[in-house]
Enquirer: 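This is the structure, below, for whatever I ask next.
Quick note on labels: first sequence line is chain A, next is B, and so on, each numbered from 1. Just so it is clear, the model here is predicted, and its values are computed rather than measured.
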Amino acid sequence: MNKISNAQLFSVLFSVKAFSLICSGVTADASQMAGAAISIALQFLLAIPMIMLYRHSGFSLKKEMLFGKFGKLLYALFFIIWGAVSFNRLWGVSKSVYFPVDSSLACSVILAAVCLYCASMKFSALSRSSLIISGIFIFTAAILILGAYSKADLANYIPATDFGSIIHNAVRNFCSSGELVMLFILLEFSSADRHRGVTAFFVGSLILTELVYIIEITVLGKIINLTDFPFFTAGAFSQPFSIQRADSLYMISFTLLCVLTVTLQLVLTSVLVKEIVPDLKYNTLLSVILMLGLSALLNSTGADLSPVMGVLIIMLSVVIPVIMLIRRIYNDKKTGADSSNASALRVQS
Amino acid sequence: MIKKLALTAVMLLLCGCSHKTEVRDKGFVRTIGCDSGEMQSVAVRLYGQEEVLSGSGDTIFSAVENAETAQGKTLFTGHLELLVLNPAEIKDKLSVMIKNNRISPSCSLIITTGSAADTVKSYEEEELSDILDSSSRKGKIVTRNISAVLNDLLEDDSMAAVPVLDGKNLTMGVVGYDSVIGVLSEEESEGLSWLTASQHDIYLPINVNGKAASFHVRKSSTRLTAEADGDKIKITTEIKINGSCIEENISETESSKAAAEKISVLCSKAISKTVTGMNADVLGIEKCIRSENIASGQSWKEIIPELEFYYSIKIAS
């Protein structure tokens, strides 16, 4: 596993966030915007213990994971569930948005094969490609803004909202932000001055979320309630070129982001599984099969995994890192006290 | 570096190679006329073809599919320019189209008081679009696309302003979920254009001291503002005009005053017919009020009696 730079840490997390955002079926409004801002600010605060933990000399997640192998299994399980949810989003979008594929299943299997190939490359290849993919997405977003500028009606934005719905939306947003869990694992591979990449990610995430929401609100108006995936509908409504089909650009961007997201889940799952069962072969293939199987199950049963994801996110990105930080500080103090006692004894003798 | 860029470009271009259909095997739909009854019947006009295809089915898309069987080409509706509908089930038809994603949401809409399919058949290929464009250019009507009309129909008043073809006469009208609420006169339609759209390069006939003259409007912009004023809500339409009188012997002040008066009269007529007469929010008044956080909790019908309209027409030469 290679080290990743702060720019790569930013682009990896930003791309994953962008994928979640464009596949989101959330109906944007003022309370969603405020809720998302609160949730991102809260996530930023919760990232501080993680950064503090990694600042301790000699800290290694591999060696000091809480609950040892069971803890690693929980993280691996989370990434498998998230990978399955990502496939499910792909199915949903390809069914709802006009996608030139004959079968959603075939589309998922082909993408899974692509992800498997990408996961077989080094992690550095993935982190470098994330820079290109996030660049393509930023270009796509610029096209969307260009098209939306003339179509947007600011009167569609109604600021009236209540505190209860803001808090409700903040909780919902937090419970769907798995990037925080991913951040905790990725910090292990990032270089010094991690806070730069983390800060850039949260600032970028806030700007992107609010920008996409405001475009959806002002361009779609009441139609937002009729659409399954508001980002794609907003893209179709705000055509900046006379050819009227700029939405193909959003589809390319969507596909690249999907591949990056699933590959990242695969790579992280594979790394964790290898640490739990070092002799297990074909763990990447097994992980992708598990993801596809779970995704098919979710698709056929229509089960909503959001509450499970929410609980896992809180546990893996809040509870475990904070306990690990407290434990580390306590151990450091104890070691410091022991060593000062020892030196005091040496002085006496 | 150049090789990498070329490879990336080739990869992006290859995305379109799967499931290809040759352009010669595709029929690009220009206009669809659709009538709702027990069955949906459509008249489909393609780009560059004189013949009009007809079909019927349970839904508008099955009707288009049946029209497709009349000839060998696969019909592609992504570049649809104009949709003509009869008033029945307007909202349902537009919702289906927006959800389906196969029709561009920016295609223009005309409602006919008669049969939409017959209307499409009775006009030449470009004629209907040309009439719509030319009337809009002259400031007689405002072109509306399907997404804008559906958006208006989903508002509290459930009504939208849309070009209505009544016989051979094209003016603006107000439609509800499945009926035409009313058709505006030419003057009212013109007033609605001033209230809702920017005008470019039009000649406004004015009367200065009993003498007929033409006021050339180079461009105009309209802005609606809402302001709470005691129990009332003050709605101000600010129209900024850049233009001048083309007759040389008429003073600029007098011609500007006459143009402002003329526009105020047209706007007043449009408002009395639509907002006061039909209780239709065709100007986006409710959205404007809500965005200013005024009258929260009140429905559109409760808001109407509280409205007071003002015009601010600023002319610069």
Enquirer: Quick one: closest heavy-atom pair of B:P105 and A:A236, and the distance?
Expert: CG-O, 3.6 Å
Enquirer: Treating B:N151 as the side-chain partner and A:L220 as the backbone partner, does any N or O pair qualify as donor plus acceptor under 3.5 Å?
Expert: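 Answer holds: yes.
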Enquirer: Check each atom of A:I224 against the heavy atoms of chain B and say whether the ones under 4.5 Å are side chain, backbone, both or neither.
Expert: neither
Enquirer: Near B:R223 CZ, under 6.0 Å, is it more than 12 heavy atoms from other residues, nucleotides or ligands?
Expert: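 It does not: B:R223 CZ has 12 such atoms or fewer within range.
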Enquirer: May I ask you to test the A:L226-B:K99 pair for a side-chain heavy-atom distance under 4.5 Å?
Expert: yes
Enquirer: Taking the side chain as every heavy atom from C-beta outward, state whether A:N225 and B:L154 have any pair of such atoms under 4.5 Å apart.
Expert: no
Enquirer: So B:S291 and A:L154, do their side chains get closer than 4.5 Å, heavy atoms only?
Expert: no
Enquirer: How about OH on B:Y47, more than 12 heavy atoms from neighbouring residues, nucleotides or ligands closer than 6.0 Å, or not?
Expert: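 Atom OH in B:Y47 is crowded, with more than 12 foreign heavy atoms closer than 6.0 Å.
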Enquirer: Nearest 0.5 angstrom please: B:S147 OG to A:K151 NZ, how far?
Expert: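 Output value for this atom pair is 9.0 Å.
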Enquirer: Please check if the number of heavy atoms outside A:Y117 that lie under 6.0 Å from its OH is greater than 12.
Expert: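 Incorrect, the count does not exceed 12.
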Enquirer: Less than 4.5 Å apart, any side-chain heavy atom of A:F237 and any of B:N145?
Expert: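 Of all side-chain heavy-atom pairs linking B:N145 with A:F237, none is under 4.5 Å.
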Enquirer: Taking everything shown except B:K219 itself, do over 12 heavy atoms lie less than 6.0 Å from its NZ?
Expert: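 Not buried by this count: 12 neighbours or fewer within 6.0 Å.
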Enquirer: Tell me whether the count of non-hydrogen atoms from other residues, nucleotides or ligands lying under 6.0 Å of CZ in A:F139 goes above 12.
Expert: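 No, CZ of A:F139 has 12 or fewer neighbouring heavy atoms, counting only those of other groups under 6.0 Å.
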